[in-house]
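Predicted model, so just to flag it, every value in this text is computed and none were measured. Start at 1 with the first residue, then count along the sequence. Computed over heavy atoms, backbone and side chain alike; hydrogens, waters and symmetry mates excluded.
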Amino acid sequence: MSEVIASRLNAVRSDMAQAGLAAFIIPRADEYLGEYVPAHNERLEWISGFTGSAGAVIVLTDSAAIFTDGRYTVQVRQQVDASQFAFESLTDTPLADYLADTLPAGSKVGVDARLHTLAWFEQAQERLAKADIVLLALDHNPVDRNWQDRPAPANAQVILLDEKHTGASSLEKRQQIGELIAKQGADLALITQLDSIAWLLNIRGRDVPCLPIVLGSALLWANGDMQFFTDISKLPADIAAHVGAGVSFLQEAELSSAMAELRGKRLLADPNTANAASQLSALDAGARLVAGMDPVLLPKAAKNPVELAGMRACHVRDGAAVSRFLAWLDGEVAAGRLYDEAELARKLESFRLADDSYVEPSFDTISAAGSNAAMCHYNHLNGTPAKLTMNSLYLVDSGAQYLDGTTDVTRTIAIGEVTDEHKKMVTLVLKGHIALDTARFPKGTTGQQLDAFARMHLWQHGFDYDHGTGHGVGHFLSVHEGPQRIAKNANGVALLPGMVLSNEPGYYRADGFGIRLENLVEVRPCEALKGAEREMYEFAPMTLIPLDLRLLDTSLMTQAEIDWLNAYHSRVFAALSPLLEGPDHDWLVQATRAI
């Protein structure tokens, strides 16, 4: 593989030489700038062999460097040839700073502007200009020119999602968003987030693993008319009737000519999520850019009653599937049959596959035995899957895409006898989970303000965790939906009724064990408070799956916390018991017993 990578680097360098470039940047992102990248756009893996979800390579004339974050410190050194790449930190060494410190004045750096946001492009351009270095947006990508065995894009037919699942027609949604565009003083908006497009048109797709979207981009006008630029060969014959009046479908390559016709128009675009190439071409055409957040994000995140009903329903079925897996796992461990992480992940999915509305996982399952769970984004596919060992913890973080919703749940499971230290740490994590779940908060509260609820019990004992506490979740869409978040450094977006978020505090001891307890919750008005002076909200759990009672030290819990756990398990039993039979039902009785 080392020789193959060397050959690819040399091919890119040859292309760079012809363009007079001293450096070329290859990010993991593709032109859609989403979390998931289809196989035909895995340019970073092609040039380096690195399979992580975030990173970048800078190819220089006689060397190269790969940049990753702290999640991939070990993995990048396992997958990438140190004789051909220097290892750098994405967080400690921004790409533009590295280039400014490495290249001589007068150098030229090339980028494919489709693979970077406008905000990043302008900031990098400004930073490099101070070092007398020019950042150039190329009209081609040297990787694409030299990727001879590049996979073909997916060509599965588009899924038309019925209004019984969506709760509103495409025309209603487009007109609603069109009004928001007009309120921002724009004539139209550039819509590039793939889940925004899917939501607007009530369509789903299979173009990207785990994310049911259709690749493409769109222009949405203030009157609700929309141009969708995609591979039109994937569109079913009845899509025009499905989406209603005002939508035209064009080949993706026609976006550039559509941009060229925007002279004098005010184009709303998000500089932090839309790619630089599209916005730069609009500017070149004489359009005026109106910077603003994707107008679809908040209406999509604040789900309507039909979407919420679908989310609740799929969580009951998902809870039954995961509970069958947990019951099976307990039985196998009791019989002394221990499996590896990959076998366990496949077994878990087998229970979900029995549901006719199951489409695919909502992300790669994190199946982590023992010390592997100390890596919070561990992926057993990146090495040799470890086998369960007795008297340890097993962490499984998984989710599913159903036609009526998206799930994401993490459970930490006792394998054999566990230590008092295990119980103490799991209990502290659960106390934080309960504190956040039971929080009541006034309208206008952001996720950043709530994050400390989940951490406070860990903090009191000198512990913490290094990931966010909660991310948004879409309706049969992205399992990591924005803009809502719960984190130390979350944005200023207020939580709204109808939003769905995860509640997932954790604890990770390097080379020891990892713990995470995750439910999805919905934001709803707080009806229980009488005489409240302000409009108040609360969370309600959507996930209905038992928590492992064997891992708790109840001496660390208050009576209110024990009452919460018993009430939660009573609700789990009521929802799942009609769906489980025989040994599975017997297991549920024990797993949800009152303590």
Problem - Flag side-chain contact, heavy atom, 4.5 Å: Arg206 against Val359 - result: yes
Exercise for the section: Sequence neighbours left out, what passes side chain to side chain donor-acceptor pair (under 3.5 Å) with Asp225? Give chain and number order. Expected result: Asn223
Exercise for the section: Mark yes or no for whether Asp187, through its side chain, and Arg266, through its backbone, hold a donor-acceptor pair below 3.5 Å. Expected result: yes
Exercise for the section: Check whether any side-chain heavy atom of Leu211 lies under 4.5 Å from a side-chain heavy atom of Arg204, and answer yes or no. Expected result: no
Practice task
State whether the side chain of Arg77 and the backbone N or O of Thr73 hold a donor-acceptor pair below 3.5 Å, judged by distance alone.
Solution key: yes
Practice task
Any chance you could measure His116, atom NE2, to Glu122, atom CD, to the nearest 0.5 Å?
Solution key: 13.5 Å
Problem - Close side-chain approach of Val523 to Leu501, heavy-atom, < 4.5 Å - result: yes
Practice task
Check the angle between the aromatic planes of His461 and Phe463 and answer parallel, tilted or perpendicular using the 30° and 60° thresholds.
Solution key: parallel
Exercise for the section: For the pair Ser63 (side chain) and Leu60 (backbone), establish whether a donor and an acceptor sit closer than 3.5 Å, ignoring hydrogens and angles. Expected result: no
Practice task
Starting at CD1 of Ile197, measure out to OG1 of Thr230 and round the result to the nearest 0.5 Å.
Solution key: 8.0 Å
Practice task
Kindly state whether the ring of Tyr72 and the ring of His377 have centres lying under 6.0 angstrom apart.
Solution key: no
Exercise for the section: Indicate whether the side chain of Glu179 and that of Gln176 have a donor and an acceptor atom separated by less than 3.5 Å. Expected result: no
Exercise for the section: Find out whether Asp466 and Tyr508 are in side-chain contact, i.e. whether some heavy atom of one side chain is under 4.5 Å from a heavy atom of the other. Expected result: no
Exercise for the section: Heavy atoms only: give me the nearest Ala301-Pro483 pair and the separation to one decimal. Expected result: CB-CD, 4.5 Å
Handout entry: Note: Asp451-Lys488 ion pair, threshold 4.0 Å (strictly below)
Key = no
Handout entry: Pair Lys234 + Asp207, salt bridge at N-O below 4.0 Å
Key = yes
Problem - Residues Asp144 and Arg114 bridged, charged N to O under 4.0 Å - result: yes
Practice task
Could you tell me whether the side chain of Asn491 and the main chain of Gln484 form a donor-acceptor pair under 3.5 Å?
Solution key: no
Handout entry: Donor-acceptor side-chain pairing of Asp284 and Ser281 below 3.5 angstrom
Key = no
Completion exercise
Sorted by chain and number, sequence neighbours left out, side chain to side chain donor-acceptor pair (under 3.5 Å) with Ser362 holds for none
Exercise for the section: Give the C-alpha distance, both sets of side-chain angles, the deciding distance and a yes or no for ring-ring contact (aromatic ring centres under 6.0 Å, His included) between Tyr98 and Phe67. Expected result: CA-CA 10 Å; Tyr98 175 87; Phe67 297 73; 5.1 Å; yes
Exercise for the section: Compare every heavy atom of Ile5 with every heavy atom of Ser48, then report the nearest pair and how far apart it is. Expected result: C-CD1, 3.8 Å
Problem - Side chain Ser367, main chain Val396, donor-acceptor under 3.5 Å - result: no
Handout entry: CD1-OG1 distance between Ile133 and Thr102, expressed to the nearest 0.5 angstrom
Key = 8.5 Å
Practice task
Please round to the nearest 0.5 Å and tell me the distance separating atom CG of Leu283 and atom CG of Leu118.
Solution key: 7.5 Å
Handout entry: side-chain hydrogen bond (donor to acceptor under 3.5 Å, both in side chains) between Ser371 and Asp511, worked out
Key = CA-CA 5 Å; Ser371 62; Asp511 301 319; 5.7 Å; no
Problem - Non-hydrogen atoms of Asp464 and Tyr507 that approach each other most closely - result: O-CD1, 3.9 Å
Exercise for the section: Output yes when a side-chain donor or acceptor of Thr93 lies under 3.5 Å from a complementary backbone atom of Leu90, and no otherwise. Expected result: no
Exercise for the section: State, yes or no, whether a side-chain contact exists between Lys300 and Asp195 at a heavy-atom distance under 4.5 Å. Expected result: yes
Problem - Ile66 side chain near Glu88 side chain, heavy-atom distance below 4.5 Å - result: no
Exercise for the section: State, yes or no, whether a side-chain contact exists between Asp231 and Pro153 at a heavy-atom distance under 4.5 Å. Expected result: no
Practice task
Looking only at non-hydrogen atoms, find the nearest pair between Ala96 and Leu128 and report the distance.
Solution key: O-CD2, 3.5 Å
Completion exercise
Distance col, row Leu395:CG vs Asn372:CG, nearest 0.5 angstrom, shows 10.5 Å
Handout entry: Minimum heavy-atom distance between Ala131 and Ala100, given as atom pair plus value
Key = CB-CB, 4.0 Å
Practice task
Assess the side chains of Thr91 and Asp69: does a donor N or O sit below 3.5 Å from an acceptor N or O?
Solution key: no
Exercise for the section: Please determine, by modelled atom types, if Asn272 and Thr117 share a side-chain donor-acceptor pair under 3.5 angstrom. Expected result: no
Exercise for the section: For residues Gln84 and Leu9, determine if any side-chain heavy atom of one lies less than 4.5 Å from a side-chain heavy atom of the other. Expected result: yes
Handout entry: Criterion side-chain hydrogen bond (donor to acceptor under 3.5 Å, both in side chains) on His140 and Asp112, from CA distance to verdict
Key = CA-CA 7 Å; His140 70 282; Asp112 181 342; over 6 Å; no
Exercise for the section: For the pair Phe363 and His480, name the ring-plane relationship: parallel under 30°, tilted 30 to 60°, perpendicular over 60°. Expected result: parallel
Exercise for the section: Classify the side-chain pair Ser478/Gln193 by whether it contains a donor and acceptor separated by less than 3.5 Å. Expected result: no
Practice task
Ignoring hydrogens and angles, tell me if any N or O in the side chain of Glu254 forms a donor-acceptor pair with the backbone of Gln251 under 3.5 Å.
Solution key: yes
Practice task
Check ring pair (Phe, Tyr, Trp, His ring centres under 6.0 Å) between His475 and all other residues, then give those that pass, not counting sequence neighbours.
Solution key: none
Exercise for the section: Mind listing the closest non-hydrogen atom pair of Phe85 and Ile47 along with its distance? Expected result: CZ-O, 3.4 Å
Handout entry: Check: Asn10 side chain, Ala6 main-chain N or O, donor-acceptor pair, under 3.5 Å
Key = yes
Handout entry: Short side-chain to backbone donor-acceptor contact, Gln449 and Thr446, under 3.5 Å
Key = yes
Exercise for the section: Output the distance between atom OH (Tyr465) and atom CZ (Arg455), rounded to the nearest 0.5 Å. Expected result: 4.0 Å
Problem - Donor-acceptor pair between Thr406 and Gln401 side chains, under 3.5 angstrom - result: yes
Practice task
Look at the side chain of Gln227 and the backbone N and O of Leu220, then say whether any donor-acceptor pair between them is shorter than 3.5 Å.
Solution key: no
Handout entry: Side-chain ion pair, Arg28 and Glu42, N-O less than 4.0 Å
Key = yes
